[in-house]
Amino acid sequence: MKPFSRSIDGDGADEKHSSAGVVRPSRMLYVVFFCTMFWAVIFFLQRSTSLQLLAGSAAEPTGGGGVTFLAQLNNTSTGHLQGDRCAGRYVYMYDLPPRFNADLVRDCRNLSTFPDVCRHVANDGFGPSITGGGDGGSLPEKGAYDTNQFMLALIFHARMRRHECLTSDPAAAAAVYVPFYAGLDVVRHQDQEIPADVSAREALPRGLVEWLLRRPEWRAMGGRDHFLVTGRGSWDFLRALGAAGKGNSLLSYPAIRNATVLTTEASPYHGHDFAVPFPSHFHASSDADVSSWQDRMRRAERKWLWGFAGASRPSSKRTVRSQIMEECGRSSRCAMLGSSTTAAAAFTAGPGRTMQLLESAAFCVQPRGDGYTRKSTFDSILAGCIPVFFHPISAYLQYIWHLPRDYRTYSVFIHHGDVVGKNASIEEALARIPPAKVARMREEVIRLIPTVMYRDPAAAKGVTFKDAFDVAVDAVVHRVAKRRRAAAEGRVDYQDSVDGGKSWKYDLLQDGEKNIGPHEFDPYVYT
């Protein structure tokens, strides 16, 4: 039988093939082949897009296991074929009824008298802008704000609205974001030990759960691909359902326990909440802004060995603030922000004065306050000041996505029991650290600055550094992806949310690790 190519060549082709001993395809065959392939690719891409739209509008819920296989296939194939840099990273954001977010902002004057909520919700949660670098020029000329520590839900929402990987198609999403301003809701009742009406306190959390349960996006994975940002510590949302006391029960609803909850202070005893950095006062708009600030912190004169910004909290037995202020007051190598012991005085000091202190010290002590964590931790990192912790839950068991696992590279740990018992001098412990090691630690702190700040949502395109928002969203997407894989593989025993006294150990497991064991923080976590 004659080769197919030779039948097309026509007269005269036989002699050429026979003399060369090789059958060469004709030019016409190349034309037919490439035309066929071109239209095949066009048809495939068009077909893939059509299937994806069909999946988004007609996919049936899959019960408790996962999303439809068709939707998952499209999420992967179309992105890779078209070189989509957001493939596998798309986020779908709900358009919630305004009572869950916008109405709370509009009603800011009725939420709380202290602090002034209306002042802090300005500029999408950044608060009032600070011009001229603030007191003593301790802040950047641009991008500086008087940002309140509890405004993260608004800041996150503003960033998400301009997120490069935001999608309007839930079937294409790797995760689903719920823009509920939980922190603004809970502040209305925070001064009521026994609220006059518990049902009023629970109205919005309960309403949110009911709204979510009616959504097909929620039913696709039972909420396991959803996440929300509270803007406050988890403790404000862990009230038992129907129980009296401060806070509400948002995180106690079984449905919400399926989601991933981002807080500024996570509970080490619950598995569905994860801590993200408090917002500080610098919100950069470009890579150059960040690089310039880092260089400035490298050149900063550190005339104090250590410093402390905060009040003493004499009524609290859970903190070492009184001991810190006593030792610092006796030292010529330590600086404090004023001498007042009142929280109000520390609060009104202003971000400029606070940053001025932190930028002039080599080490900044971070004792517990109302909770385990402090906004000052991230102010210190922004200032290039090495943080000193007195309890592992203050940072090491909290910000596992944003801070290095090896805490010794960027911080100092002195157990609070040693300070209370006068078994350790803070200053002596810090003075023993060799200068070369101090320099390495400071450089690591300065390297962390971009990953713990929240950049300006209006930043121009071309920003390449990952900020705290980017790191958190990437971690959520990664967590959801592992849940999807487990569901696709039928691993009914897969569990990534463990409650109880050892919950924090499960959070510290790396990918591929399954077993927990003894940990160096065991003697400290429960003290």
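- Panel note: side chain R224, backbone M221; a donor-acceptor pair is recorded below 3.5 Å.
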Let me see the working for H226 and N258 under side-chain hydrogen bond (donor to acceptor under 3.5 Å, both in side chains), right down to the final yes or no. CA-CA 8 Å; H226 284 49; N258 282 347; over 6 Å; no
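- Ring geometry for F521 against Y407 counts as tilted: the plane angle lies between 30° and 60°, on a 0 to 90° scale.
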Go through L337 and Q356 one step at a time and tell me if the side-chain contact (heavy atoms from CB on, under 4.5 Å) criterion holds. CA-CA 9 Å; L337 182 60; Q356 195 172 20; over 6 Å; no
Show your reasoning for whether side-chain hydrogen bond (donor to acceptor under 3.5 Å, both in side chains) applies to S380 and Q366. CA-CA 9 Å; S380 296; Q366 305 296 339; 2.7 Å; yes
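- The minimum heavy-atom distance between I449 and I381, with the atom names listed, is CG1-O, 3.3 Å.
- Nearest heavy atom pair, residue P279 against residue I155, reads CB-CD1, 3.8 Å.
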Can Y181 and H157 be said to form a side-chain hydrogen bond (donor to acceptor under 3.5 Å, both in side chains), step by step? CA-CA 9 Å; Y181 296 171; H157 192 190; 2.7 Å; yes
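- Salt-bridge annotation for E202 and R239: absent, with no side-chain N of the basic residue lying under 4.0 Å from a carboxylate O of the acidic one.
- No donor-acceptor distance shorter than 3.5 angstrom exists from the side chain of T373 to the backbone of E265, with no hydrogens or angles considered.
- For F389 and Y396, the distance between ring centers is under 6.0 angstrom.
- Taking the six-membered ring for Trp and the full ring otherwise, F413 and Y524 have centroids separated by under 6.0 Å.
- A centroid separation of 6.0 Å or more is found between the aromatic rings of W504 and Y269.
- The residues E164 and R85 are annotated as salt-bridged, a charged nitrogen and a carboxylate oxygen being separated by less than 4.0 angstrom.
- In this structure, D236 does not pair ionically with K246, as no charged nitrogen and carboxylate oxygen lie closer than 4.0 Å.
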Checking R479 against T260 for the side-chain hydrogen bond (donor to acceptor under 3.5 Å, both in side chains) test, could you report, in this order, the C-alpha distance in whole Å, the side-chain angles of both residues, the deciding distance, and whether it holds? CA-CA 9 Å; R479 186 171 192 252; T260 300; 2.6 Å; yes
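- Under a 4.0 Å N-O distance rule, the pair R159/D467 qualifies as a salt bridge.
- The backbone N or O of R214 lies less than 3.5 Å from a partner atom in the side chain of R219, making a donor-acceptor pair.
- Looking at S267, its side chain never comes within 3.5 Å of a backbone N or O of S234 through a donor-acceptor pair.
- Considering L228, V229, V261 in turn, L228 is the only one that fulfils the side-chain contact (heavy atoms from CB on, under 4.5 Å) rule with V178.
- Between the side chain of Y145 and the backbone N or O of S280 there is no donor-acceptor pair closer than 3.5 Å.
- Here K482 does not pair with D496 in a salt bridge; the nearest charged N to carboxylate O distance is not below 4.0 Å.
- By the 30° and 60° cut-offs, the orientation of the rings of H391 relative to H416 is parallel.
- Between F469 and F156, the gap from one ring centroid to the other is short of 6.0 Å.
- Not a single donor-acceptor pair under 3.5 Å links the side chain of T167 to the backbone N or O of Y90.
- One finds no salt bridge joining D185 and R232 here, because no Lys/Arg side-chain nitrogen approaches an Asp/Glu carboxylate oxygen to under 4.0 Å.
- Put simply, the side chain of S360 gets close to the backbone of L357: a donor and an acceptor are under 3.5 Å apart.
- With hydrogens and angles ignored, the 3.5 Å screen pairs no side-chain donor or acceptor of S376 with any backbone N or O of D379.
- Not a single donor-acceptor pair under 3.5 Å links the side chain of H272 to the backbone N or O of A259.
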